[in-house]
Structure formats: C-alpha cells, structure tokens
Q: 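Supplied in structure tokens, the structure appears directly below.
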Amino acid sequence: MGGPQPVASNNDDSPLNGVTVGVVTFPGSLDDRDAVRAVRLAGGSAIHLWHGDHDLRNVDAVIIPGGFSYGDYLRAGAISRFAPLMEQITSAASGGADALPVLGICNGFQVLTEAHLLPGSMIKNNHLHFICRDQRLRVENAGTFWTSDYGQDEEIVIPLKNQDGQFVADNRTLDELEGEGRVVFRYVDGNPNGSRRDIAGISNAAGNVVGLMPHPEHAVEAGFGPDSSARGEVGVRGGTDGLGIFTSVLKKLVG
Amino acid sequence: MPRIVVDVMPKPEILDPQGKAIAGALPRIGLTGFAGVRQGKRFELTVDGEVTGEILEQARHAATTLLSNPVIEDVTRVEVIEEDGQ
Amino acid sequence: MPRIVVDVMPKPEILDPQGKAIAGALPRIGLTGFAGVRQGKRFELTVDGEVTGEILEQARHAATTLLSNPVIEDVTRVEVIEEDGQ
Amino acid sequence: MTAETTRTFNIDTVANAEATPGHALPWAELGLKDNEYQRVEEILGRRPTGAELAMYSVMWSEHCSYKSSKVHLRQFGEKVTDAMKEHLLVGIGENAGVVDIGDGWAVTFKVESHNHPSFVEPYQGAATGVGGIVRDIISMGARPVAVMDPLRFGAIDHPDTARLVHGIVAGIGGYGNSLGLPNIGGEVVFDSVYQGNPLVNALAVGVLRHEDIRLANASGAGNRVVLFGARTGGDGIGGASVLASESFDSSKPSKRPAVQVGDPFAEKVLIECCLELFKASVVEGIQDLGAAGISCATSELASNGDGGMHVELTNVLLRDPSLTPGEILMSESQERMMAVVTPGNVADFEAIMDKWAVEYSWLGEVTDTGRLVIEWDGEKIVDVDPRTVAHEGPVYERPYHRPEWLDRVQADGFAADRPTDLRAAVLELMASPNMCSKDWVTDQYDRYVQGNTALAMPDDAGVVRVDEETGLGVAISTDANGRYSYLNPYEGARLALAEAYRNVATSGAEPLAVTDCLNFGSPEDPEVMWQFAETVRGLADACQELGVPVTGGNVSLYNQTGGIAIHPTPVVGVLGVFDDVARRTPSGWREDGQAVYLLGT
Ligand SMILES: Nc1ncnc2c1ncn2[C@@H]1O[C@H](COP(=O)(O)OP(=O)(O)O)[C@@H](O)[C@H]1O
C-alpha cells in the first residue's frame, strides 16, 4: 500500500498533469489556495473557479474548499449553495457513472449538504468550541474517486479545524449510508465533535461526490503538515497522509 | 416599517448542542424550574411599504429555502408583526 | 409540556453581520421585497408541570443573564406559549 | 444617501463659528486641557466648529497623539546605527514598518492593544482588536499571513476571569480563523494585577513585494478620495457630547452602540479586494479606518501627502440613517478603508468593488490648498490645516520619578529550604496556570490555513514560509515579563527583547526587526511615567546592542483601576528571517539519544 509520495510541484513530466481540477472560491473561502497547491503537489493542474461564474471551464474535477463562505453566519454553506457556479456543479455532478468528481472539504462539505448533493447536515460541535487538531481517520471506502489511492481501512492523520463539524442525519439515512458503503471516512481515536457514528466523510451513491470535514490539503507537504502520520514516524510537521485524496482523483481520471 | 418574523427551531429529534449547554448551565445559576431548552433562530425581515400577499409568499419561500435547512430544522412561524409587537 | 419562549434580538443600533449576510443573499435568489434582515435567537424553555409566577420569574432572570448579552442584545419577549402555539 | 434625501441638522458651520466667537463649547468634557483648547483657537484663528472640536479632541487624545509617550519614543529613532536601518524599507510612523527580507520580498508586522474594549465585551473586543491590526497590515499593501496574541488575565480563580478568558480567546479565534490567518503563537499569563485590566495585544504580519508598498498619503490634486467596505454606523463616536446638539430631535436622541461588533466576513472580502486593487495598481494611497474614523483617515492622508483634501459627508453610506454629520465624521465603524484613486482608475476601481460586492462611496478629492475641508451638503463644517490635527498635536514632558517603594520591593528576597521532593516540586510548577500547556487555547485557533506554517504551538517562535519556490520565510516571537519590569523596568524591557530575540534565534532565524506594545498605567502618575521612561530607554538601548530596529508598535496607557496600575508590560515582538524555513529548529526533544547542551551563563 505504502501510499503516494509527494510529487514536485507543477511536474511537467507527470502523466497526471493533463488533468485539471477546479477549486471554487466563494467570498469567505479560506483554503482555496491550499487546495490548488495540493492538486499541483499531487502532480495535477489546478485552476481557480469563481463562484459567480456560470462556466466550469472544462475542468475534470472540482474541489469546494474550506473556509467561512459568507461568514457562515446563517448556517455553514447555506448562502454559497445558491451561487451560479453551484448550479453548474450540481448538474455536472449528478450525471451518473461519468459524472463530475466533486470533493467538498469542511465548508465545502457543508455546501454540498446544503445543496443536497450529499445527505445529512452539520451542526455545532458538541463542545461548542472551534477545534484545531491532528485527527486520525479510517478510510472506510477506498472505492470512490477521491480515495482509490488508499487501501481499504487504511488509517491517515490529517488536520481537523472547525466549529460546525458535527455530522447529523436521521437513523434511516445513516443506515442507508452504512449499508451502501457511503461512509468514506470515520474518526478513530476519539470523536472530535459528536458526529453521528463517528462519521467524518461520506459520498453520494455513485461515489463521485465526496465530502469530509478534516483537511487533506493541509497534509500534503512535508514541513507544513501535521506532526504525525498513520504510516509511521515523520519529522516535524512531516505528515503527508492527505496527498492520496488528490492523487486518487488524478489517477482515476487518467484511467 | 412592518416586519415579517420567521422562527426556525431545530427538529425535535436532532440534538441541539447549544440548548443542551444552556440546560446544563441554568441549574448552576440557581434556575431549576426547567426540564429542557432548545435554541432556535428568529429572523425579522423588514418590508419597505405594505406587506402584500406576494411579499409574504417571498418570506415563506426564504424561510424554507434559505433561512432553514429542512434536514435539521423546522420553520415554526412566518408572520407579519405589528410595530413593536412580538 | 408548557413552554416559555424567550426571544433575543441584536440591539437595533448594533451591527448584525448575520442579518447583513442574509439581506445580501435574498436578492440573489430573486427575493427583492425586503429592506433589511436582523437575525436573533429564539429559546424554548420546557417546564415540567405548571408555569408558576416563580418559574416565569426564573425565565426572565435567565433571559437577561444567560440567554442574552445585554451589551449587544435585547430580550424582546418572555412568554408562556400554548402547546403548538407560537 | 444622495443629495435629494439629505436631512437637515443644526450644524455648526465654519461661518457660524466665525460669527459667534463667544459661543461656549464643552471642550473640557471632551478631555481637552485649557491650554490645548487655546491652541486649537490659535491655530484656527477663531473658535472651532463642533465637528472640528470633536476632531481635535480625539486626534489629540493620548490614544491617537501619543502626547505623553512621544518624547520617549523618539529614542527608537535616535538610538540606531546605519546597520540597523539596512533592511528597513518603511520605518516608524506609517501604519506598520516594512522590512526587506531579500529576493524582492518584504514583510510588515505590528502589535497593537485592544485592552479596554476586551474588558467591556470580551468576545467582540478581542475580535475587533484582531480586525484592526489586520487592516493596518493590509493598508501597507501586504497580504496578511499570520496573527499572534499575547494575553494577560487576572487571577485564574477570580470569578470574572472565566468570562474574560473564554470570551477573549473565542473572539480572537472567531475573527482570526474566519479571516484565514494562521495563529502562530502568543502568550497566556495569569496575574491578579491584571484583574480589572486584562491585556489583549494582537500582532499581525503581512507579506508583499517591494514594489507593492503602499503608504497612507493623498497626493496629486484632482485625485479622488473613496471610502469602501462596511457602512458607517454610530460605533465608538468620540467627542459625542459636542455633537449631540447637531440633532434637532433632541427629545429622543438615537441610541448609539455601547460596543462594536466585528464582521470578519466583511474584512476577509476587504483583504481580497484590496489585494486586487494593489495588483491592478489602481490606488495611490490607502489608509485603514480606526479611532476617529473619517476624521483621522482624511487628516492623516492629507497631512502625509500634498496637504489638501475636500470631502462631502453626505456621500457616506450609512448603516444608521439617524447619524448627524459630526457623528459620521467621528464614527469608528469597523471594516472600512479609505483610498486615493486617480480619475483614470475610477472605472477599474469600481469593477473590483463590484466583483467582491463591496460597497463604496466617492467622498471628494485631493486639493492643493493645504486645507482639509469637510462639508455637509455644501456647508463647510471643517476647515483645518490637516497637519495640526494629525501630527502637530500637543507633546508633554510629563514629570516622573523613581518610586520610593522600589528599594523595598527589590530588597524583598525569597528564602526557603530546598524542596526535599524535587519531583513533586517540578510537577507542581508544570501544573501552574502560567507554565502548563496552552493547548486549551491554541486548539481553538487555526494554525494550518494558508499551508505555510512551519512552526506554531508549542514552539518558541512561530514560523511561516513566504516564498514557496525558495522556502524564504520569517519567524516571530512575542515576549514580556511584567514581574521583571515591575522590579526593574529598564532591565525588564531588555529581558523581554532578549527573550523574544533568543526565541527567534533558536528557531534558526536571523533576528531583523522589532515591534512593541507598551502596556502601562496612568502617565499622570509620575511613578508610572518613570516605569514607562525606563522601559523605553531599556528597549532602545537593547535594540541598539543587538542591532535590531523598532519598526512600529503601540502604546496603551491608563491600564489601571482604583489607583492600582498593572505591572509595566512591554510586549516585544521580534521578527527574524530564514533563507529556507526547512532549516527551522523546533523546541523540545523529539528523538531519543540526542545529546543535551546548556549554552550561556
Ligand atoms: N494566546 C496564545 N495564542 C497563540 N499561541 C499561544 C498563546 N499562548 C501560548 N501560545 C503558544 O503556546 C506555546 C506554549 O506557550 P508558553 O507555555 O507560553 O511557552 P513558553 O513558556 O515556552 O513561552 C507557544 O508556542 C506559544 O506561542
């Protein structure tokens, strides 16, 4: 399994370079530049997409990054969902087998639930505080567009940082998610926010749309990631366990 | 100016962490008369002019699409209020 | 079980960033009938038994000390509501 | 508001002031001294209008004019060598200093206090403190890249401390996290001396290319002056008592907010849209709005530039339509900026505002008259030489003397037997509030955002990468020890600098520049004033010895309650540079078998 190693930024020789991932910027998006960097470190190409545009610019996949779009004052993601670009994303992501791969990270996950591309919702953390910590997760489904570079049940450590990260859904939905293998990531070594059934990330039925609360884009570059890795000892801030999310979609799209 | 009030409450079956924290804090300040607390939202939409049926319809639409998320919340009221009224 | 409702709104003179964000979003979804939006909180305190004067007094006390921040918010209502009432 | 809806007020125009020289004004209520008010009259050659009086009273306050501290702070500019200035692109006096870190990159950083507002309303006070310092950084032309928060609280078991700690930490996190700025360090100290006067200092650092440096000046007659960002509300209006009479509706004065609420979303959008303005080179000068609002921004911009500006206040977009002209002039509403734009760039400027959905209003233009003229619907309410407002305020040589109690305090020793159980003693120390882990604070702050944080908690210095290509980056540490300063303010200041300098050096960076936030009691107390004078002397001397210049900072006086002042608390921030942050050294031992050395004395 081993996992992917970091690839040099903008590596022209990479076969993955032909894949272009669009990263959406809303007013209040914060981790958009980080997501672009993560795609490039994974060997792909990335461009910024503007929430107000009506054109997906032929990207092969889309990332909705973390942040506090529109301040998150009403409900996280509630206002962004109505952005013109979200209409394009919603229809492109709902097209069955060859639908557009979409990843929502943190606020992006919240946007996807508000847009009903993913079930459930996020409410305030059970302890009511913002929490930033290095979080261990288990990849429960290595079959999605965004997880195929991991082994089934592989564990990873990536940063978690949010205030409204408690995943909730009714029991029927939760059972359905479990039954269909759509729980993609689960918190291990302690649930940081009270999420139902320790769920950290889920997918739609087709597996092209994935949302997760922790931040893989903050664990892609040795020296700037978490202090630990599920793969063994790493140096200071040496964790790069998040890179596999980005290599997964690139490899899958290259075929 | 007239206002339309929209009340949104967490669905009864959804855990309400804020309400729970308040329920836990009340006895600590000596207030023991309550069996539970739920925290919701109250929106006041100001209308410039008269509240027509169409505007009330807009408010209802806002209530269910933007101001609440049906997965976790119920709209419990959409109503025009008198000046200084509730 | 009877409930006491406590409504808390940002003071009119205080900036309400939440209301402002909503007011900015409404026209984008085609709802242009509103001049402004304020977002406040609505608490429902459940009472186990009868709402006595003493319990209502407790609710008023909770409203001003715990449920609102008097520096930036006003308690606009403390009231017993009928079952299923508003 | 447009001219058609302009309301009428009982305004005190310049013509009116000339016609009614005997009209009594409440200058003492506004905090002006007898001689200060006389100087205003001399400068103007007539009595001030109500709006002018409000303006002078706030701009000449301790907070804005540094009138008690100025004579001492000069040492930071005097005790410097050429070597110390080598890397300085912009020194003291601008919104924040700018330091060259090589390869065409520069950084700007500054620490500022928001102590009193945070005591009144901890969450919002701390939040708006972060907002204010970040706007200082933006106005230099930089992208903010990190924040830090040196904090001081009262006794940990005092009932009010919980209110303050939790509110302040949540406020700093709530605002900084929402802006996408990693929090890379700070301090948390509990000491009963800060009970009624907690210290909330906030530091921000920003990055820019040399050519992007923007200064707060208004030059070029005919250039347009624009206010953008949040609308103006009745927040923090200084000089309110002289402005009250402007409203005809005196029976029912509109309420004015007791505290300010921050809107981090508005500020985040402001950051991005300012960066686009800089990139497109459409602003000539820029200034953030802080204390004294439009009156401060216009007078500083004009005073630093060609000296003249004409402003029409009816153009200001309002959140609260009941504001009077003077209140609009003095409002401190957050998340606003003012810029100077050439007529040729107006369309480009407006396009960028529209893209980010930021509201703006064209207020007036730069003139060559040397006068700052402010009108309400064509009626002149301010006509001043902006330099007299912004830069030529009163300067005091306040008396000071060494406290008599100091000898006694210094002589007070500590005698105790060596602890027999060293293990228990160490554990007790480690568990004490000031020594224990600060995770419960730092876990509420985002340290990952932007993807450039190379060190943050629990390390001695925060380190961020500036250039992804080369790894060029900076380290920052803030330190202060109020107890040392209480015992000996001169040495305390030197120690604070030495500690921050060491923390930066041990991270592997080369220390380059200093910012400081000097938190003290009342300057009118000669003993406090002595502590202040000694602190500045100590810090300036130590900077010279270590060869690092002070590039900017902040003075916070009157931190005292019931006659008891806080310990002198000079928070010193040192910034160092790395040619490659990959070489940074974390604190603590991370691997077995490494040798341990103790360096120094
Ligand atoms: N208010 C704060 N904000 C951010 N970081 C903080 C704060 N207080 C402490 N820290 C960080 O926590 C770590 C430990 O702090 P502290 O115990 O004060 O360390 P030291 O005693 O070594 O200076 C440091 O990295 C410091 O920067």
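All values derive from a computational prediction rather than experimental measurement. By convention in this document, chain letters (A, B, ...) are assigned in the order of the sequence lines, proteins followed by strands, and residues within each chain are numbered from 1.
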Q: Around atom CD of C:Glu50, are there more than 12 heavy atoms of other residues, nucleotides or ligands at under 6.0 Å?
A: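 Incorrect, the count does not exceed 12.
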Q: Can you measure from CD (C:Glu44) to CD (B:Gln39) and round to the nearest 0.5 angstrom?
A: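 Here the rounded value is 11.5 Å.
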Q: Would you say B:Phe34 and C:Asp48 make side-chain contact, with heavy atoms under 4.5 Å?
A: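 When only atoms from C-beta onward are counted, C:Asp48 and B:Phe34 do not touch, as no gap falls below 4.5 Å.
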Q: In Å, rounded to the nearest 0.5 Å, how long is the span from CZ of B:Arg42 to CE of C:Met9?
A: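 Going from the CZ atom of B:Arg42 to the CE atom of C:Met9 covers 6.0 Å.
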Q: Who in residues 64-72 of chain B is close to chain C, using a strict under-4.5 Å heavy-atom cut-off?
A: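 Counting heavy atoms that sit under 4.5 Å from chain C, the residues of residues 64-72 of chain B involved are B:Thr65, B:Leu66, B:Leu67.
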Q: Quick check on the interface: out of C:Thr32, C:Thr52, C:Val6, who has the most heavy-atom pairs with chain B under 4.5 Å?
A: C:Thr32
Q: Looking at B:Ile4, B:Ile55, B:Leu31, B:Val37, which makes the most heavy-atom pairs under 4.5 Å with chain C?
A: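 Most pairs with chain C among the choices: B:Leu31.
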Q: Against chain B, label C:Ile29 side chain, backbone, both or neither, depending on which of its atoms sit under 4.5 Å from a heavy atom there.
A: side chain
Q: Give me the contact list for residues 17-28 of chain B versus chain C, heavy atoms only, anything under 4.5 Å, ordered by residue number.
A: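 So the qualifying residues are B:Ile22, B:Ala25, B:Leu26.
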Q: Where the side chain of C:Gln58 meets the backbone of B:Gly33, is there a donor-acceptor pair that is under 3.5 Å apart?
A: yes
Q: If you count heavy-atom pairs under 4.5 Å with chain B, which of C:Gly40, C:Ala59, C:Gly30, C:Ala62 comes out on top?
A: C:Gly40
Q: At their closest point, which heavy atom of B:Ala35 faces which heavy atom of C:Met1, and how far apart are they?
A: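 For B:Ala35 and C:Met1, the tightest heavy-atom pair comes out as CB-SD, 4.5 Å.
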